[in-house]
Amino acid sequence: MLIFKIITPCLGGGLEEQLNSLSVQLVDMLKNDKLALSQLLVTRIYLSDAANQLEVLHQHPLWQQLTAGAISVIEQPLLSGEKVALHCVLTTDSKVKKIGTPERMKMGIGSLKMLFQSVRFTESEARNLSSEEQTIETFRRHQHFLKEEGLTLEANCHRTWFYVRDVDRNYQGVVVGRNKVFAEEGLTGDTHYIASTGIGGYPADAEAIVCADFLSVDGLQRKDVRYLQALEYLNPTREYGVAFERATSLDVNGQRYLMLSGTASIDNKGKVVYEGDVRAQTERLFLNIEKLLNNGEASLSNLEYAIVYLRDISDYSVVAAYLKEKYPHLPVLIVEARVCRPGWLIEVEGVARLELS
């Protein structure tokens, strides 16, 4: 079984103090849940200022702890005021086998094999490449990883995250690049796409426009994978020219994991609903999420966590109050990140888990 944890610093202070706090909390969490670092699969690290913080992070003992698994680092400032936070995915399987580096790791869990890859460009790699070209290159790197294992994007990749510098300007290049790769791979609106988040976010290197994370799985049968819809509430993404699944459900060892793509306040015609009203948009997107989960025989009560992306930091208090009122027990991380369409003030992604009978 997979376990999802969000860890934020207990204290204020500088980056060093907050990293110390996270390190202690990580150890305490593992002890309380009777887990080991060897059972840590993936950690996404959220930073408030990657260009200035990444070197400090790399030198801190916390980094060495987290390299027990795969790692993704992204600059998306935490609107609760911390400098850094962790989103960890662990397994209860004590015999997990890992091969690779934190940026490109293969993890064996029983009969399953998970491949996680975090693509971040260096200055020389990114220079003079457009957002479309950088998007295609991220896919090429994961395709190469998959090919080494005898796998394909079409059959095995189930989740992607694209973080885009100046998303208002550069997201269209990501869409075009992804569409080109999918056309080559036979991923169409008549077959299936891949669950995805495409959102504002910053790598440490200023030349990089796009960075991406990929999750692929080997060992599932076709019947174990479903692509979720709620057509009375959200239209298929292909109707407005983009290529991703609203949500993907994976049945694994008696558990169903429902991976929600970034979901916003959209209707079944593809239009932004409640423009300018962040609370109403929040209500609508959670309605959309609920209907998607219902299509996978789950509900909002099955949500394990939510990552909340806000375009405007001044909306934080409204959204935080709403979440506390409506979902007081849901682990949540609220970050600053522009959504791919200006009219969308908020977007949410997450994973739900359902125990199969």
Straight-line distance of [X] [atom1] to [Y] [atom2], nearest 0.5 Å:
X: L151; Y: S216; atom1: CG; atom2: OG; answer: 7.5 Å
X: L19; Y: Q59; atom1: CG; atom2: CD; answer: 11.5 Å
X: R159; Y: L260; atom1: CZ; atom2: CG; answer: 8.0 Å
X: E297; Y: N302; atom1: CD; atom2: CG; answer: 11.0 Å

side-chain contact (heavy atoms from CB on, under 4.5 Å), that's the test. Do Q255 and L356 meet it? Break it down for me. CA-CA 6 Å; Q255 305 288 321; L356 300 175; 6.0 Å; no
So [Y] and [X], do their side chains get closer than 4.5 Å, heavy atoms only?
X: L40; Y: C88; answer: yes
X: Y322; Y: V278; answer: no
X: L22; Y: V84; answer: yes
X: L30; Y: L90; answer: yes
X: L220; Y: L250; answer: yes
X: T135; Y: E133; answer: no

Examine [X] and [Y] and state if one hydrophobic cluster contains both, with Ile, Leu, Val, Met, Phe, Trp and Tyr joined whenever side-chain heavy atoms are less than 4.5 Å apart.
X: Y233; Y: Y227; value: yes
X: L333; Y: Y309; value: yes
X: V24; Y: L66; value: no
X: V332; Y: L310; value: yes
X: L215; Y: L115; value: yes

Run I194 and L153 through side-chain contact (heavy atoms from CB on, under 4.5 Å) and show every step you take. CA-CA 9 Å; I194 299 170; L153 200 68; 4.2 Å; yes
Any ion pair linking R226 and E245 (charged N to carboxylate O, less than 4.0 Å)?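 No, no charged N to carboxylate O under 4.0 Å.
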In plain terms, say whether E132 and R178 are close enough for a salt bridge, that is, a side-chain N and a carboxylate O under 4.0 Å apart.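 So E132 does not pair with R178 through a salt bridge.
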Got a sec, which pairs hit salt bridge (Lys or Arg N to Asp or Glu O under 4.0 Å) with one end in residues 1-15, sequence neighbours left out?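 Listed by first then second residue: K5-D33.
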Strictly by salt bridge (Lys or Arg N to Asp or Glu O under 4.0 Å), give each pair with a member in residues 258-274 just once, sequence neighbours left out.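 Pairs touching residues 258-274 that pass the test: none.
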Counting only heavy atoms not in [X] (residues, nucleotides, ligands), do more than 12 fall under 6.0 Å from its [atom1]?
X: E232; atom1: CD; result: no
X: L231; atom1: CG; result: yes
X: D190; atom1: CG; result: no
X: E355; atom1: CD; result: no

Residue pairs fulfilling side-chain hydrogen bond (donor to acceptor under 3.5 Å, both in side chains) with at least one residue in residues 61-74, sequence neighbours excluded: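 Found S23-Q65, R44-S72, S72-R120, S72-D213.
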Any donor-acceptor pair under 3.5 Å from [X] side chain to [Y] backbone:
X: E149; Y: L146; value: no
X: Q76; Y: G200; value: yes
X: D251; Y: R256; value: no
X: D205; Y: E123; value: yes
X: E304; Y: V351; value: no
X: E347; Y: I199; value: no
X: E154; Y: G186; value: no
X: N179; Y: G241; value: yes
X: Q18; Y: G13; value: yes
X: E125; Y: T122; value: yes

Just jot down the side-chain hydrogen bond (donor to acceptor under 3.5 Å, both in side chains) partners of [X], sequence neighbours excluded, or say none.
X: S38; value: none
X: Y193; value: none
X: E16; value: none
X: T160; value: S196

State which residues pass ring-ring contact (aromatic ring centres under 6.0 Å, His included) with H144; sequence neighbours excluded, sorted by chain then number.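 With sequence neighbours excluded, H144 shows a ring-ring contact (aromatic ring centres under 6.0 Å, His included) to no residue whatsoever.
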List in chain and number order the residues that pass ring-ring contact (aromatic ring centres under 6.0 Å, His included) with Y305, two or more places apart in sequence or in another chain; answer none if no residue qualifies.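 ring-ring contact (aromatic ring centres under 6.0 Å, His included) check on Y305 returns F4, H87.
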Compute the centroid of each ring, for F162 and then for Y171, and state whether the two points are separated by less than 6.0 Å.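 For F162 and Y171, the ring centres are not under 6.0 Å apart.
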Does the separation of the ring centres of F214 and F145 fall below 6.0 angstrom?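 No, the ring centres sit 6.0 Å or more apart.
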Who else is in Y202's hydrophobic cluster (ILVMFWY, side-chain heavy atoms under 4.5 Å, direct or via others)?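 Members other than Y202 - counting any ILVMFWY side chain reachable under 4.5 Å - there are none.
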Please name the residue in the list E82, E336, Q53 that meets the side-chain hydrogen bond (donor to acceptor under 3.5 Å, both in side chains) test with S48.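 So the option named by the test is Q53.
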Stepwise, does the side-chain contact (heavy atoms from CB on, under 4.5 Å) test hold for I45 with L57? CA-CA 10 Å; I45 306 173; L57 171 65; 4.0 Å; yes
Residue pairs, two or more places apart or on separate chains, that pass ring-ring contact (aromatic ring centres under 6.0 Å, His included) and touch residues 259-291: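 Residue pairs with at least one partner in residues 259-291: F286-Y327.
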So, using salt bridge (charged side-chain N to carboxylate O under 4.0 Å, His left out) as the criterion, who are the partners of D166 when residues are at least two apart?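 Here the qualifying residues are R169.
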Would Q281 and R284 count as a side chain to side chain donor-acceptor pair (under 3.5 Å) here? Give the steps. CA-CA 5 Å; Q281 286 198 14; R284 175 56 192 237; over 6 Å; no
Side-chain donor-acceptor pair under 3.5 Å between S21 and Q25, yes or no?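 Note: S21 and Q25 side chains meet the donor-acceptor criterion.
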Any luck finding a side-chain donor-acceptor pair between E349 and T197 under 3.5 Å?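 Yes.
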Any chance you could lay out the salt bridge (Lys or Arg N to Asp or Glu O under 4.0 Å) test for R141 and E137, step after step, and finish with the verdict? CA-CA 6 Å; R141 295 188 184 191; E137 177 59 20; 3.0 Å; yes
Report the C-alpha distance between M114 and K106 in whole Å, list the side-chain angles of each, state the deciding distance to 0.1 Å, and finish with yes or no for side-chain contact (heavy atoms from CB on, under 4.5 Å). CA-CA 6 Å; M114 293 174 53; K106 179 171 59 176; over 6 Å; no
